[in-house]
Amino acid sequence: MPELGKYAVWVLSAYGVSLALIVAIVLQTVLRARRVRERLDKAEARRGNG
Amino acid sequence: MLLRVHDLSCARGGVPVLERLSFELSPGDVLVLRGPNGSGKTTLLRTIAGLQPPIAGRIEAEDGAVAYGAHADGLKATLSVAENLRFWAGVYGTGGIDAALAAFDLVQLQDRQAQNLSAGQKRRLGLARLLVTGRPVWALDEPTVSLDVASVGLFADAVRAHVAGGGAALIATHIDLGLESRVLDVSAHRAVAPVDALDEAFL
Amino acid sequence: MLLRVHDLSCARGGVPVLERLSFELSPGDVLVLRGPNGSGKTTLLRTIAGLQPPIAGRIEAEDGAVAYGAHADGLKATLSVAENLRFWAGVYGTGGIDAALAAFDLVQLQDRQAQNLSAGQKRRLGLARLLVTGRPVWALDEPTVSLDVASVGLFADAVRAHVAGGGAALIATHIDLGLESRVLDVSAHRAVAPVDALDEAFL
Amino acid sequence: MIRLFSRDLTLAVRAGGGFGLGLAFFLIVTVLVPFGVGADTAQLGRIAPGILWVGALLACLLSLDRIFQLDFEDGSLDLLATAPVPLEGVVMMKALAHWVTTGLPLTLAAPVLGLLLNLAPAGYGWLVLSLALGTPALSMIGAFGAALTVGLKRGGLLLSLLVLPLYVPTLIFGAEAVSRGASGQAATTPLILMAAITLGTLALLPFAAAAALRINLR
Amino acid sequence: MIRLFSRDLTLAVRAGGGFGLGLAFFLIVTVLVPFGVGADTAQLGRIAPGILWVGALLACLLSLDRIFQLDFEDGSLDLLATAPVPLEGVVMMKALAHWVTTGLPLTLAAPVLGLLLNLAPAGYGWLVLSLALGTPALSMIGAFGAALTVGLKRGGLLLSLLVLPLYVPTLIFGAEAVSRGASGQAATTPLILMAAITLGTLALLPFAAAAALRINLR
Amino acid sequence: MKRMSLWEYANPKKFMATTNVVLPWISVLAAICLVVGLVWGFFFTPDDFRQGSTVKIIYLHVPSALMAINAWLMMLVASLIWLVRRHHVSALAARAAAPVGITFTLIALFTGAVWGQPMWGTWWAWDPRLTSFLILFLFYLGYVALWEAVENPDTAADLTSVLCIVGSVFALLSRYAVNFWNQGLHQGATLSMDKEENIADIFWYPLLVAIAGFVLLFVALVLMRTRTEIRARRLHALQMRERMG
Ligand code: HEM
Ligand SMILES: Nc1ncnc2c1ncn2[C@@H]1O[C@H](COP(=O)(O)OP(=O)(O)OP(=O)(O)O)[C@@H](O)[C@H]1O
Ligand SMILES: Nc1ncnc2c1ncn2[C@@H]1O[C@H](COP(=O)(O)OP(=O)(O)OP(=O)(O)O)[C@@H](O)[C@H]1O
Ligand SMILES: [Mg+2]
Ligand SMILES: [Mg+2]
């Protein structure tokens, strides 16, 4: 851990929040991709049967 | 006796429109209101539904006996057909909506948003609402507007089933519904002189 | 030839509704569109009026030949009958409104605010607008909704006078108008497969 | 009744993201003020409580005319009035739905906007508390105003005109509580007064609103 | 074209006093702020230019959704789109009518409200001038936003969200001009910038708005 | 053989096939660059003599601000392609980019504010760059809200394209406002290639890697989201067809 001095709170919170936001958007992207894909597969299956 | 109207006069926008109307509806009755445009059919139905007070006469009906169907359908554009109907079923505290959907051939459309219906499909949904009110007296204002012949038939069937089950219906319309019914021509009751009760203070 | 529709397909809300429609309107023609609720009459009329692009086929008409009359009348509640009509006469750059008022029996009502009209009276005012457009082709969507028998007669007279003067009319309706006319049943043209142009990329 | 509430919520969410938008408007109003007033931070901090409360109030105000107007136009209100639910209940439910879609998110988001306006740290708690106590009154008063003006075309501005005077006491006590809190003084008195207003409106206005509705439907 | 303009004016006047209400809203907003902020006169005078401009902006904003929405709902917009008038012209006329019913009366009444907020005497001329130059842009931008959101139920708040960012530059320059003027500095630069914005919007946005309308009517 | 046109990728099938191959590579590369850049920046760079350890914020702030603006510009290009050539994929790509842009904008705003507090003594200042950047943020919100509010996908694409064009003014302003009027608190251009002396190499190299990481992250996310949007459209199309019976 580097010595951050009196600005530790600022720097750490900047990194913390930014990483949290990046993780959030990545997660949202992946989850929605998965959900839509499942629904599409179901619709394709229905179409294949019908 | 489900509804008794006695010597009723009513006004629209401050102008007396109809006067001295009397009629009765017993279980099984269908009464068709006729009259040219502007003769006061809508006014009469609104009065009977309790939305505006009569200027004279009496309306006798049990509390909550009348289900009103207006020119406008009261549909929410962003709700689906089933959601619209389920809402009204909830408000009236009645049960399922399946019978109503089936009666107006809406089962196919039940997940469609109301805004994506054609004019006639919207109207059918508006009429299906009557079935979930569970009320004995239907007061309907030109229910068959925009309906095709087949749908008018569905409507007539619904009315027949309703009155056969002990209900009654009061229907304002310009077309022939193919129902056995009595007819009341409101143009015979056109208000002639301003009824005093209204503006009497200024006359 | 006032209007030529050639192999037209049209869609509503992204779903193809009608396909391969072809017809022509010459001066003097009345063509009645029939079809059950939801079959696509409104969609067709909107396409012909130029409000939405066709997904295939051609519509040949002179620029500004078509006057469209929709389900809704476009009346301003706080303007009087005469003011409403005069506005449209101004927009279309045509002259007086007296003939239009007379044709739909609105002379008595001309100073009444549109919000104080009954349903049928509003509709008559909506139809009177057609007379002040001065356009040769009328494309009308259920024009007789809410009209009583006498008013339907007035409307039929107006259409007859219009086509006798070299115009043409395309009318979607569920009732019998008492007009001599050809009939086009759109249900024969229901779109079966999604027309590719629309979502082809995604199918 | 609960049906009505959940329908209104669904409608708010479906029709273009109910929650998000009320909030966004609050955000934008608070952001506009520094643009107009200039960026002197000390001064901003001093006017922050007032501006935040005015912003919340305007954000509520903007969506008021939708409380009954849409239902009136499509005829649902006629049908609701003839349905077996008391009109007072309808009013309550509609006000509640309005609060949940505007007042509640505003309350939760207010601290963030306090940052933008440089509110003193001691004020945040009071800000949230005062909004939580005050916004229900805003919704209820708004429902009353909306009932009075339903059916009047362009009732929107008339509505604002009728409602704003009734909003003033809530605004005064709310802003007072926050600015006292921010400067470290005791802020309980204005808060108690405000809570009293809220209770009073909730107890009385549903009846007045229902009466107004009945008249307007006639 | 002129018909359309005069019809819109008539409608605004008939439907519950168009002019009066826009103005009244402006009045009320300016009155609310002292309640919220407190009555320290020196401070009020300093924030007056900003508050007046924010008030004017909100008053414009409130009536925006009526520009096309009513015509859309009753079907007139369909009919106008098929009528022999260019849609760009329709947009211009509607924006003009909006300005005449809101921007113009606001401009004329602003000095009186300046008094209420304790604006420095030197500022009055600049206030009126900046409003006269800036409010047309507000109406035109508003018409663009209204065209984008017409037909979306509850488009009102979405409309605000879309329009407010575009209002910001006008607001900044307007408030800047007034506060410079009030403190006796030269205020021509912000005024010129604002006039440039107004001209730019008037030249470009009618086309964007007409395009949006065509899309929405489809 | 005819040279393959770039527009081929506007065909969803072609797009799906190609991205299916490249997406994993880009994602991995993005992760590597991001981790290397940020770890290098955070752990292995010295403090600045004036700014102390706050200089470490630069590895987040500059790349995210850069990409926040670039994302809007990319949306602008995609919208124009949609308006002119009606390629569905580009409209969907614009839609896909917006939430990513919002995230970067939020990061830039937050890190900027957190950096401003120790550096300028305030969280926020109303200088031209910051102001137009905030307006850009509001435009992002409006853009997403408009996409959500319109039901018909093509209509939504058209309307949002119009909005995107108008909003580009502010994207450009938040980049170039410093050049127009020089009154703000905020840094001027420090990164232009010929002014490398503005910033010491020791800060410069990790910054470059971090920027590359953000660019790649953006590309990967947008590709993935575009794929999702294409699937959603396909789902929509299938449901429509089912509805027709
Ligand atoms: C809330 C506050 C802040 C915001 C919204 C903000 C926003 C921005 C924006 C929009 C850019 C331009 C990116 C581009 O043109 O591609 C930028 C770049 C930059 N910012 Fe900030 N910033 C803020 C605070 C700060 C602070 C406090 C510092 C340092 C003391 C800083 C240092 C920089 C640097 C060094 C650049 C790169 C300069 C350039 O290439 O133009 N920022 N910031
Ligand atoms: N809101 C109103 N204010 C004032 N007068 C009205 C209002 N609505 C209708 N009227 C007038 O009252 C009379 C009765 O109208 P009503 O709507 O009851 O007729 P109706 O028989 O339903 O006609 P239609 O068959 O056209 O629906 C008409 O002369 C009409 O012009
Ligand atoms: N806004 C819309 N979005 C999506 N689909 C729609 C929309 N409006 C109508 N539809 C659907 O498109 C089809 C054609 O509708 P259209 O309104 O053209 O029928 P119509 O022949 O006019 O019917 P009606 O006689 O009931 O007026 C119907 O299946 C309808 O459900
Ligand atoms: Mg009637
Ligand atoms: Mg139809």
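Within every chain, numbering begins at 1; the chains are lettered A, B, ... in the order of the sequence lines, protein sequences first and strands thereafter.
Considering only heavy-atom pairs separated by less than 4.5 Å from chain F, the leading option among A:Ala24, A:Ala33, A:Ala20 is A:Ala33. Taking chain F as the reference chain and counting heavy-atom pairs below 4.5 Å, the highest number among A:Val17, A:Leu19, A:Val26 is found for A:Val17. Contact tally against chain A (heavy-atom pairs below 4.5 Å) for F:Thr111, F:Leu38, F:Val55, F:Thr103: the top residue is F:Thr103.
Neither the backbone nor the side chain of A:Val9 comes within less than 4.5 Å of any heavy atom of chain F. Using a 4.5 Å cut-off between heavy atoms, F:Leu217 touches chain A through its side chain atoms alone.
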Audit row: F:Arg233, F:Asp154, salt bridge (charged side-chain N to carboxylate O under 4.0 Å, His left out) steps and yes/no: CA-CA 11 Å; F:Arg233 263 310 279 281; F:Asp154 283 2; 3.6 Å; yes
Pair A:Arg39-A:Glu44, salt bridge (charged side-chain N to carboxylate O under 4.0 Å, His left out): steps then yes or no: CA-CA 9 Å; A:Arg39 285 175 53 199; A:Glu44 302 267 21; over 6 Å; no
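How far CG of A:Leu21 is from CD1 of F:Ile102: 11.5 Å, rounded to the nearest 0.5 Å.
Relative ring orientation between F:Phe104 and F:Phe214 is described as tilted, the plane-to-plane angle lying within the 30° to 60° band. Classification of the F:Trp115-F:His61 ring pair by plane angle, with boundaries at 30° and 60°, yields perpendicular.
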